[in-house]
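Chain letters run A, B, ... following the sequence lines, proteins first and then strands; every chain starts at 1. The model shown is predicted, which means the values in this text are computed figures rather than measured ones.
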There are 2 protein chains.
Amino acid sequence: MAGFSSNTEQNILVAARKVFIEKGRDGARMQEIANEAGINKALLHYYFRSKQKLFEAVFLEAFDKFLPQTELLISSDKPFFEILKSFIENYIGLILENPHIPGFILHELSQNPENIAQFISSRVNHLPVLIEKIREEMAQGKIKPMDPRQIMVNIIGLCVFPFVARPIIKAVFFQDDDTAYEIFLQERKNEVYNFILNSIKPC
Amino acid sequence: MAGFSSNTEQNILVAARKVFIEKGRDGARMQEIANEAGINKALLHYYFRSKQKLFEAVFLEAFDKFLPQTELLISSDKPFFEILKSFIENYIGLILENPHIPGFILHELSQNPENIAQFISSRVNHLPVLIEKIREEMAQGKIKPMDPRQIMVNIIGLCVFPFVARPIIKAVFFQDDDTAYEIFLQERKNEVYNFILNSIKPC
DNA sequence: ATTTGGTTTAACTAATTAATTTAACCAAAT
DNA sequence: ATTTGGTTAAATTAATTAGTTAAACCAAAT
């Protein structure tokens, strides 16, 4: 069976992704990851020397996926509000495909506030660029004057929060009806855009 | 020294609160809680038979604190937008005093989506009431027509998110400047209110 | 035919940690 | 003076889990 069913390393990463993101770093078990990957612990450690190494691989990958990739949007010459609309749709769409990543990232970051700072800043040069863009619009009077960082936090928060708080929102406002909540999430692509739009454009 | 320094049970709860909320259920260690409480493990288990029991005590307490207490606000006969303003100020103020609770609750709930549903719904009868209030305003044309649940999620999300995502926001937008971020959080009491106001009131 | 590399099996080590036990301590109440 | 209840200390148990090891297996490449 050697080398036949393609790349074991990938199988492991898929399994590790699932278990780590579901259980968190501390809650995850190497045995469970091995089971999930359909291999045994020995082979697991053969590929990734330690839990820590494996976790880092999963975390970095998840982190890169979690960050909104705004390069394309920013470089486009569309009007700002179209860029905004695309951004929100893309970002919510991305999270819909990986709904557990935001909670995972935020939780693990909260546990490691230390050395992560520099490594973050090296990967998020584009968000401040988006802030610049907001500032320009503001100067032209197309956006109400306010701290652009507040706007950015609002945008991202409105996209992310419904996923991070999924169980509680689903219970409180949707009587635990999965389908209803799924629809609610889909509708947010428009809702969030309109919400932001109305709140930042001069009346 | 018996019975002198008041209630050991309280000391334990304070310590457990700190450790559990900081490290999460899986990351917390009974030994660390005992140290933090200034006692030994034996006494810790003497008061709370198991880690699970202690965790539940901490979790339930935190959960109750985390839920916005809206009864007073709702029962008041102030105009809706004043109620809204109070709600946001109170809630952000509450979280400012317990900034790690939201992340803690949301993370632990994500790990236990099962049996928690009923226990939640028994404690949050007031949030749906607030939804009713929104609906009334909407009927009178004082709020744009839209799904009231979207509004509620937006309100709560805007209050909570900056705390849940603190490390990453602080790194990306504030170059890890604690003071700057603290100011930013304070300003949100007004920012969030204005943001919501502008986005839901008819133009 | 032999070598090689990915793989399994299964037992094992080592470390960590929750939980228990037992004896002793001591201050306050009786 | 004795009892009692909260407390400590320190050793111990029991369970879990990360990580290791060594031997064998097997398919593909040489």
**Message:** In this structure, how many angstroms lie between the C1' atom of D:dT20 and the NZ atom of A:K51, rounded?
**Reply:** 17 Å

**Request:** Measure from NE2 on A:H45 to C1' on D:dT21 and round the result to the nearest Å.
**Result:** 13 Å

**Request:** Measure the distance from CD1 on A:I39 to P on D:dC25 and round it to the nearest whole Å.
**Result:** 21 Å

**Request:** Could you check how far CG of B:L43 sits from C1' of C:dA19, rounded to whole Å?
**Result:**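 It works out to 14 Å between those atoms.
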
**Request:** Would you indicate what B:A34 reaches in the nucleic acid, counting non-hydrogen atoms under 4.0 angstrom: base, sugar-phosphate, or nothing?
**Result:** nothing

**Request:** Establish, with yes or no, whether the OP1 or OP2 oxygen of C:dA18 is under 4.0 angstrom from a side-chain nitrogen or oxygen of B:R29.
**Result:** yes

**Request:** Assign B:F48 to base, sugar-phosphate, or nothing according to its heavy-atom contacts below 4.0 angstrom with the strands shown.
**Result:** nothing

**Side chain of A:Y47 (C-beta onward), nearest among C:dT21, D:dG19, C:dT7** = C:dT7

**Message:** Any carboxylate oxygen within less than 4.0 angstrom of a Lys/Arg side-chain nitrogen, looking at B:R166 and B:E182?
**Reply:** yes

**Message:** Does a side-chain N or O of A:Y46 approach OP1 or OP2 of C:dG6 to a distance below 4.0 Å, or not?
**Reply:**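 So the side-chain polar atoms of A:Y46 do come within 4.0 Å of the phosphate oxygens OP1 or OP2 of C:dG6, strictly under.
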
**Item:** Nearest-angstrom distance from the residue atom CD1 of B:I33 to P of C:dA18
**Value:**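 Rounded to the whole Å, the gap is 8 Å.
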
**Request:** Quickly work out the B:N40 CG to C:dT21 P distance and round it to whole Å.
**Result:**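 Rounded to the whole Å, the gap is 16 Å.
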
**Message:** Expressed as a whole number of angstroms, how long is the span from A:N35:CG to C:dT7:C1'?
**Reply:**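 Taking CG of A:N35 and C1' of C:dT7, I get 16 Å after rounding.
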
**Complete:** Of D:dG6, C:dA19, C:dT21, the nucleotide closest to the side chain of B:S50 is C:dA19

**Pairing of B:K23 and B:E32 as salt bridge, 4.0 angstrom limit** =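 Yes, charged N to carboxylate O under 4.0 Å.
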
**Between C:dT21 (P) and B:R49 (CZ): distance, integer Å** =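 Going from CZ in B:R49 over to P in C:dT21 covers 10 Å.
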
**Request:** Measure the shortest side-chain to side-chain distance between B:I33 and B:F20 over non-hydrogen atoms and say whether it is less than 4.5 angstrom.
**Result:**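 Of all side-chain heavy-atom pairs linking B:F20 with B:I33, at least one is under 4.5 Å.
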
**Item:** Mate of C:dA29 where both pairing distances stay under 3.5 Å, Watson-Crick or G-U
**Value:**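 Across all strands, the one nucleotide that pairs with C:dA29 is D:dT2.
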
**Asked** Partner of D:dT20 by Watson-Crick or G-U wobble geometry, both contacts under 3.5 Å, or none?
**Response** C:dA11

**Request:** Classify the angle between the aromatic ring planes of A:Y91 and A:F66 as parallel (below 30°), tilted (30 to 60°) or perpendicular (above 60°).
**Result:** tilted

**Heavy-atom side-chain contact between A:I95 and A:I101 under 4.5 Å** = no

